[in-house]
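Hydrogens, waters and symmetry mates are skipped; everything else that's a heavy atom, side chains included, is used. In what follows, every chain begins at residue 1, and chains take the letters A, B, ... in the order their sequences are listed. Remember, it's a predicted structure, so these values are computed and weren't measured experimentally.
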Amino acid sequence: MAGMKTATGDYIDSSWELRVFIGEEDPEAESLTLRVTGESHIGGVLLKIVEEIKRKQDWSDHAIWWEQKRQWLLQTHWTLDKYGILADARLFFGPQHRPVILRLPNRRALRLRASFSQPLFQAMVAICRLLSIRHPEEMSLLRAPEKEKKKKKEKEPEEEVYDLSKVVLVGGVAPASFRGMPAHFSDSAQTEACYHMLSRPQPPPDPLLLQRLPRPSSLLDKTQLHSRWLDSSRCLMQQGIKAGDTLWLRFKYYSFFDLDPKTDPVRLTQLYEQARWDLLLEEIDCTEEEMMVFAALQYHINKLSQSGEVDEPAGTDAGLDDLDAALSNLEVKLEGSAPTDVLDSLTTIPELKDHLRIFRPRKLTLKGYRQHWVVFKETTLSYYKSQDEAPAEPIQQLNLKGCEVVPDVNVSGQKFCIKLLVPSPEGMSEIYLRCQDEQQYARWMAGCRLASKGRTMADSSYSSEVQAILAFLSLQRTGGGSGGGSGNHPQGPDASAEALNPYGLVAPRFQRKFKAKQLTPRILEAHQNVAQLSLSEAQLRFIQAWQSLPDFGISYVVVRFKGSRKDEILGIANNRLIRIDLSVGDVVKTWRFSNMRQWNVNWDIRQVAIEFDEHINVAFSCVSAGCRIVHEYIGGYIFLSTRERARGEELDEDLFLQLTGGHEAF
Amino acid sequence: MGESNEDIDQMFSNLLGEMDLLTQSLGVDILPPPEPKPPRAEFNYTVGFKDLNESLNALEDQDLDALMADLVADISEAEQRTIQAQKESPQKQPHSASPYVPSFHGTASPGYGANVAATSQFDDDLPPPPADPVLDLPLPPPPPEPISQEEEEAQAKADKIKLALEKLKEAKVKKLVVKIHMNDNSSKSLMVDERQLARDVLDNLFEKTHCDCNVDWCLYEIYPELQIERFFEDHENVVEILSDWTRDTENKLLFLEKEEKYAVFKNPQNFYLDNKGKKENKETNEKMNAKNKESLLEESFCGTSIIVPELEGALYLKEDGKKSWKRRYFLLRASGIYYVPKGKTKTSRDLACFIQFENVNIYYGIQCKMKYKAPTDYCFVLKHPQIQKESQYIKYLCCDDARALSQWVTGIRIAKYGKMLYDNYQRAMARAGLASRWTNLGTVNAVPPAPPSTGVKTGTTQANGQIPQATQSVNTALGEDRRHLETTKDKKPGLGSHDPGAPRAQPPPKSSLPPPPPPVRRSSDVGGGSPGTPPKAKSAAASFPAQPDDLLPPPPPPPPPLEDDELPPPPPDFNDAPPDFVPPPPPSFAGDLGFSLPPPPPPPPALAPEPARTPPVVVKRPPPPPKRQENPGLPGGAGGEQDFMSDLMKALQKKRGNMS
């Protein structure tokens, strides 16, 4: 096309030379010089480049990046003139998809190829499709924090990086499921391992590592994270990301739509992981009691995922499940409710009889444990002076239904007590049963627990409960022992997965506050309430508990309100904005999105102005994070609130970009 | 189960024999009831007893009555199903029913006496006696079957299954007779079975009273001794709660309106948006529109996890065992109530847990200022439901004002019950909506001829008004029963009219029903103590085998026998009675009628034109059942069981259908 020459070699058309570097932005990259005119189309230029390179290769993913303008030349029908490209333009002919390392919510690293040319929003859609995470709009990428130099000197353990960069998804088609995982994961053992990493919860972190990781010590620290979000309306290239860079993948918007264990194993797991790390790293505060529940759930989840009792793969036998459910429903209907229970309890009345030592704390009594003959039948506990007197009136009879059962166990001290708080019309009566050994303890404990729920030992869960208790005792021997032995320096990650190391399950401040042997029983106690949950149920429960923390889902940025002289914190949640005092942490004011009329961004003075109903106007300039980030948060939440179940998976990308994009984007 | 089957076989054949004897003797005399002996004996005793102990017996008997009704229903069922049996059935039915009559009166009247005398109505575990009879009673139904000859084998099997189920069920189901106080100082006794939730009991009460069924109605428990009270949440199991009361308790159960119950759903902004915005928000609160409220509720209750209102502030805490109160800063979280220990900040990490909600219920404290020297009268109390006496395990907290109190109580309920509350509310709303539609229909129709089911309310009351008065003057006790009968009749004709494809509307003249309008519908028979249904009617009904069972549930069975604490004043009775009937239509309408019957009540417009049609209905009635008036007692099938029974029946009928 361009480059018509005379015999002497002079160009007679208006063509000029265009230099194009081959490869990614690399100053030393090989370059080509093409002869073009202003009317040359980008497509033509691309073609010419490929011809010139004379290398056989799939060039389809390649495009031209204009360095000075920080722009991809993706419109192949546009001419150079239209783009405004002159001879001095530095153009790079390189792939649009480049490898990046994603730091997943579970803190694992994953290499994959991400689009560097599409707006991040679209790139995220592709990434999430690859990872089989639904609702990519809830997630986004952050720049990795800059590492401090000092730490680099410490030998960093080589970390396994999972690799999905070779996997290419066919566009448009929903990934089919194969062998219980999306088909594209089942290609090789490597990708399969990757899927397991994605869809199964990770074991608890090494407590030492946990203590070393940076934790926010103030609200101000919590704002740091949010200054690193990438801009959804621009591509990675435009935001200075280079191939091979590490980025964090996180759930950005705390509004999780339609979370379904069946279809979202990866999403659920990653969300759980994010919640867990939030708690462990004290990004979100919780109370001691809440922490114990979280720890118990983590312990339970870890146990299930270690033992391979993963839920049946999603989708494969959903039909069967339904059928089974229907059948069992039918059965129940036909037979009345669980007839076996009734018949069993009619025919065999399970009971426990034994000599136990009993202690009843009373005021002004110094009596300790005393031996009694104790009979445990149905849900009632009766005790007698001796076995001979059994047929007569017992000294006391307690119906354990609704009672509180608290283990008081010290394995190394061979102390196996059960504390019962039995409600009665007069109040609660307290009684301690002391068993001789683990076996006896497990049987009685299991009976008490069932009875407290109104079930008898005839219940089918009795024997499994006994086993579980024995298992816990052995755990306590290992876990509690090691913790107790090494004081505040529990074992490293090598500790067998079976051992319960409570320090990996709680935030470091509890590590300081409690000894391991204090924590273990509390965690196990909390565990008894969740022991029946399946893996995904437990994860869901964890997420729910996380969501019901008062500070859940608030992203903090430092702002300065118009007319105010000091910096304050703006908290952004899915339904409201919160003005928070920087030093004290008190909520000063809350505005709800539902009352919001409009918001505007003045990009020049970096100010966000928001108008609420009844002419309430708020304006602030952003200090810690760009106002683009605040703007995108607000717009993003508005966008998320427009989602409806009926619309299914389709995303209204335009609306999103409209709500979140800044003027620079267009 | 094999063994029990044999047992059942055994019992079965025994009972068969017994039944035969009984029925034969019945032909001659009314006395011999098909009941097992022991209860019988008690029966006789109870008549006329007035003291508290006896009331227990009386209750059992009432229980028995309910069961009896069930039994009778069974019998008529079985009979109707067999065409051959038709000829015999007319005779049999009256008989089997008639024995019932005496039993009914006997038990009922002592019941009244006892109720008046006794402060506490219910009885924790109904003493064993009822249980046995229960098991035996179901047997009777078989007798009619032999009539149906060849199918015996198959039927026997089916019956065995039925029996076994029955046995299982009965062994498990616990029932209480509960006295519920109304806000006009009257009270009603109600049979509540173990499976009923507060919602079910409320529905029953709606049917018994003329209340507007709005969402604020609740069951309200009062502990006079502790001076605490609370309303039941709709999903709570009533029997379970009452089982925690002690035998000699002074606790009372009330039926009244409390707007606090669902205040959070009516004005969520008062709970969710309060305090945060200080004054400005309070102004906006008033103005919150319905749409915003809805979205606020959606946000708070429909997410992956519910949102507990943020609530914190200083409350007074009564110190254990003392009458002194300490002011502390408390915070509500989903996981419990926390307080700020001295010298700490109120960040999550410094909070100390005050109480978690798993094992406690929340109550309002009444007049704590007086009783415990509380700083204000806005107190709430947390205690384990089983604790009934003063105890250090009861926690008393005191708020500065009523607003704070309602926020705390509501907040705690949300934290404790979660989404369940919202579900309850929606159900209550649905119920209220239905009710208001009915009343609207009713009033509209009142003037023109009342349609059968929709109009039942108005129509029946009119009918009752005329008839019962006459009868009542003669015999109040009987009158009551009769009223039931009649009302049921009213309904029946309506239903019956549909079968034939006749008009649905009932003629106003219907009020003249008093005679014995024949129950066309088997359903009515079952529900209304149908012994008297004429054979022909039955055959008609036979074509809708599944129907009867379904229809049963609507008429709150227990009501008739129990309902009456205060028999004495006839007029009140009169008022009471209609409600029983009124209700039935809606339920049946809503759920059960569904299949074969054209829903009679629905079309309000249709009703107006009806007058012309009504006559046909009347015409249909003609086949008046004999002895109608004598068998009034039955209306109360055992309420709770009905669904179960109906399932069973359906299954059996299916089986039968296959065989024939």
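Looking at B:Leu331, there are no atoms closer than 4.5 Å to chain A (heavy atoms on both sides), in backbone or side chain. B:Glu390 touches chain A through its backbone: at least one of N, CA, C or O sits under 4.5 Å from a heavy atom, while the side chain does not. In this structure, chain B has no heavy atom under 4.5 Å from any part of A:Ile543. Neither the backbone nor the side chain of A:Asp613 has a heavy atom closer than 4.5 Å to any heavy atom of chain B. Interface remark: A:Asn574 contributes no atoms to any contact with chain B (heavy atom separation under 4.5 Å). Contacts of A:Gln547 with chain B are made by both backbone and side-chain atoms, with heavy-atom separations under 4.5 Å.
Counting heavy-atom pairs closer than 4.5 Å to chain B, the top residue among A:Glu289, A:Met291, A:Glu426, A:Lys401 is A:Glu289. Put simply, of B:Ser335, B:Gly336, B:Ala415, B:Ser305, the one with the most heavy-atom pairs under 4.5 Å next to chain A is B:Ser305. Your options are B:Ala334, B:Cys353, B:Ser295, B:Ala352, and the one with the most heavy-atom pairs under 4.5 Å with chain A is B:Cys353. When each of A:Gly585, A:Cys286, A:Ala545 is checked for heavy-atom pairs under 4.5 Å with chain B, A:Cys286 comes out on top. Among B:Lys383, B:Lys291, B:Gln386, the residue with the largest count of heavy-atom pairs under 4.5 Å with chain A is B:Gln386. Of the listed residues A:Ser424, A:Ala507, A:Ser255, A:Gly402, the one with more heavy-atom pairs under 4.5 angstrom with chain B than any other is A:Ser424.
At a threshold of 4.0 Å, the pair A:Lys513-A:Glu288 counts as salt-bridged, since one of the basic side-chain nitrogens sits closer than that to a carboxylate oxygen. By the 4.0 Å N-to-carboxylate-O rule, A:Lys419 lies too far from A:Glu404 to be salt-bridged with it. Ion pairing between a basic and an acidic side chain is recognised when a charged N comes within 4.0 Å of a carboxylate O; A:Arg576 and B:Glu310 show such pairing.
Scanning for ring pair (Phe, Tyr, Trp, His ring centres under 6.0 Å) contacts around B:Tyr338 gives an empty result, with sequence neighbours left out. For B:Phe271, the ring pair (Phe, Tyr, Trp, His ring centres under 6.0 Å) test picks out no residue, with sequence neighbours left out.
Remark: the B:Asn251 side chain and the B:Glu225 side chain contain no N/O donor-acceptor pair separated by less than 3.5 Å.
For an aromatic pair to be called close, the ring centres must be under 6.0 Å apart, and B:Tyr363 with B:Tyr223 satisfies this.
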Would B:Arg333 and A:Glu290 satisfy salt bridge (Lys or Arg N to Asp or Glu O under 4.0 Å), going step by step from the backbone distance to the final call?
CA-CA 10 Å; B:Arg333 297 168 73 100; A:Glu290 288 157 353; 2.8 Å; yes
